[in-house]
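A short write-up of the structure that comes next.
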Amino acid sequence: QFYTSTIQDRSLRKVRLENHLHHALEQQELILYYQPQVHIESKEIIAVETLLRWIHPTMGLISPEEFIPLAEEAGLIIPIEKWVLKTACTQAGIWLKKNKTLKIAVNLSARHFQQSSLIETITRTFEETKIDPTQLELEITESTAMKDPELTIKILNSLKSMGVSISVDDFGTGYSSLNYLKRFPLKKLKIDRSFISDITSDQEDEAIVSTIIVLAKSLHLEVVGEGVETKEQIAFLKRLGCSIVQGYYYSKPLPGTEIEKILSKGFLT
Ligand code: C2E
Ligand code: CA
Ligand code: CA
Ligand code: CA
């Protein structure tokens, strides 16, 4: 009885969300939060990652973990991510006037990454927002990159020739071939939070993180530790050779107005 009602509740919630998601964009219920990537040594903010939020009129704040899969199923992910790209780049254009070296990172779904109009969408975004292509970082997961590796190489080369850089998100959680990793023109590997959370106590996690850092360096990639929450994790990552982190320890994802206050200082404490 208990289980059936839970499953019913869940599918009811899903249907309610899915039905309303069609209107979320036009009704301006989607908003962007931003989380800094921080250089451990200088405490400088080198990039901000754009993270989508949905404020549902009656159900409140909905996590992207919940509604992005629904948007993908409903075929709404591309219009949503086009909006994210444009809004994030417009915002970045304002911040970049003061922080010339700041990068803006935007997550890209597999479907959007493989969409034939992606390059055109991005070109138009640059025309409309006037940001420099070198200030945009696109984050794709390992599984997105590995869906069709030869196609990925083509797309990544086009993006690279525009000046856009690419990060591999949630690194370590998916399957990726070292052979392709070498052939993909990448800029950054982001080590998934699941390896970072117990890094100070779990020797296997330590070994994995340490290996990813060595791998990144030998491929001349920057490496970012995701989801850092404690001073100890930061000290540990630093000792292993990782110099950039992102996580609650420095800042949770925040609305643009809040991030702007932090950015105007230029560094975190
Ligand atoms: P992600 O790209 O791996 O983003 C990092 C997630 O970890 C964010 O969750 C962030 O709030 C959370 N996080 C950061 N630091 C910490 C920490 O110290 N501790 C803990 N416990 N969590 C931390 P969020 O914002 O809920 O986003 C979840 C996922 O939704 C993202 O994971 C990303 O995969 C996806 N997402 C968000 N925005 C977009 C988007 O515009 N497009 C696509 N395709 N996916 C998006
Ligand atoms: Ca990400
Ligand atoms: Ca991630
Ligand atoms: Ca994640």
Side-chain angles (χ1 to χ4, degrees), residues 1-36 48-92 104-118 121-122 124-125 129 136-147 167-171 173-174 190 192-194 197 226-227 229 246-248 251-259:
Q1 187 60 43
F2 174 77
Y3 283 107
T4 40
S5 74
T6 312
I7 290 167
Q8 274 170 1
D9 285 352
R10 228 181 278 152
S11 50
L12 195 64
R13 181 178 164 89
K14 194 179 150 185
V15 169
R16 281 183 69 193
L17 288 178
E18 221 165 49
N19 284 340
H20 195 75
L21 193 53
H22 291 89
H23 309 289
L25 251 186
E26 65 194 50
Q27 309 213 341
Q28 298 178 306
E29 293 164 8
L30 298 179
I31 55 163
L32 297 181
Y33 272 42
Y34 302 88
Q35 188 181 35
V48 286
E49 178 178 1
T50 308
L51 293 157
L52 195 53
R53 300 285 179 267
W54 179 16
I55 318 283
H56 187 283
T58 56
M59 295 163 82
L61 185 78
I62 316 289
S63 153
E65 309 265 18
E66 184 172 12
F67 74 82
I68 284 181
L70 300 182
E72 283 174 340
E73 276 173 45
L76 293 167
I77 193 68
I78 292 175
I80 288 176
E81 287 186 340
K82 281 184 177 170
W83 175 84
V84 172
L85 260 173
K86 186 172 175 189
T87 309
C89 291
T90 303
Q91 180 60 266
I104 184 93
V106 175
N107 293 286
L108 219 54
S109 65
R111 177 138 2 140
H112 199 184
F113 179 72
Q114 294 194 333
Q115 171 91 352
S116 54
S117 60
L118 176 71
T121 301
I122 291 177
R124 193 156 355 104
T125 305
T129 64
L136 178 66
E137 283 181 2
L138 294 176
E139 298 194 0
I140 57 169
T141 63
E142 273 176 305
S143 58
T144 297
M146 292 304 298
K147 268 206 167 91
S167 311
V168 178
D169 206 356
D170 303 348
F171 191 77
T173 60
K190 298 186 80 180
D192 193 65
R193 180 175 86 229
S194 59
S197 21
E226 281 197 300
E229 295 181 351
Q246 180 178 345
Y248 293 175
S251 171
K252 289 199 170 181
L254 296 170
T257 49
E258 297 293 310
I259 281 291

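Everything numeric in this text was worked out from a predicted model, so none of it was measured. Keep in mind that the numbers below use all heavy atoms, side chains included, and drop hydrogens, waters and symmetry copies.
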Heavy-atom closest pair, residues Ser251 and Gln35: O-NE2, 3.0 Å
Using side-chain heavy atoms (C-beta onward) and a distance below 4.5 Å, is Ile77 in contact with His112? no
Minimal non-hydrogen separation, Leu30 against Trp83, with atom names: O-CH2, 3.3 Å
Could you pull out the closest heavy-atom pair between Tyr248 and Pro253, with the gap in Å? CE2-CD, 3.9 Å
Residues, nucleotides or ligands: over 12 heavy atoms within 6.0 Å of Gln28 CD: no
What distance separates Asn19 CG from Leu70 CG, expressed to the nearest 0.5 Å? 10.5 Å
Could you grab the distance from atom CD of Gln114 to atom OG of Ser109, nearest 0.5 Å is fine? 9.5 Å
Under 3.5 Å, is there a donor-acceptor pair between the side chain of Asn107 and the main chain of Thr50? yes
Side chain proximity check, Glu142 to Asp170, heavy atoms < 4.5 angstrom: no
Given Thr144 and Thr141, is the side-chain hydrogen bond (donor to acceptor under 3.5 Å, both in side chains) satisfied, shown in steps? CA-CA 5 Å; Thr144 297; Thr141 63; 3.1 Å; yes
Side-chain heavy-atom pair Arg111, Glu81 within 4.5 angstrom cut-off: no
Are any of the side-chain heavy atoms of Asp9 and Arg13 separated by less than 4.5 Å? no
Run the salt bridge (Lys or Arg N to Asp or Glu O under 4.0 Å) test on Lys190 and Glu49 for me, step by step, so that the C-alpha distance in whole Å, both residues' side-chain angles and the decisive distance to 0.1 Å come before the verdict. CA-CA 12 Å; Lys190 298 186 80 180; Glu49 178 178 1; 2.9 Å; yes
In terms of relative ring orientation, are His56 and His20 parallel, tilted or perpendicular, with 30° and 60° separating the classes? tilted
May I ask you to test the Leu136-Cys89 pair for a side-chain heavy-atom distance under 4.5 Å? yes
What is the minimum heavy-atom distance between Gly256 and Gln91, and which atoms define it? CA-NE2, 4.5 Å
From Glu72 CD over to Ile80 CD1, what is the distance, rounded to the nearest 0.5 angstrom? 10.0 Å
Determine whether Leu21 and Leu17 make a side-chain contact, defined as any pair of heavy atoms from C-beta on separated by less than 4.5 Å. no
CD of Glu226 to CD of Gln246, rounded to nearest 0.5 Å, is 5.5 Å
Quick one: CD1 on Ile104 to OG1 on Thr129, what's the gap to the nearest 0.5 Å? 10.5 Å
Do the side chain of Thr87 and the main chain of Val84 share a donor and acceptor less than 3.5 angstrom apart? no
Test item: Arg53 and Pro64 side chains (from C-beta on) under 4.5 Å apart, heavy atoms: yes
With the side chain counted from C-beta on, respond yes when Trp54 and Ile68 share a heavy-atom pair under 4.5 Å apart, and no when they do not. no
Could you grab the distance from atom CD1 of Ile122 to atom NZ of Lys86, nearest 0.5 Å is fine? 15.0 Å
So, for Glu258 and Leu254, which heavy atoms are closest and what is the spacing to 0.1 Å? CB-CB, 3.8 Å
Residue pair Ser167 / Glu137: nearest heavy atoms and the distance that separates them: OG-OE1, 3.8 Å
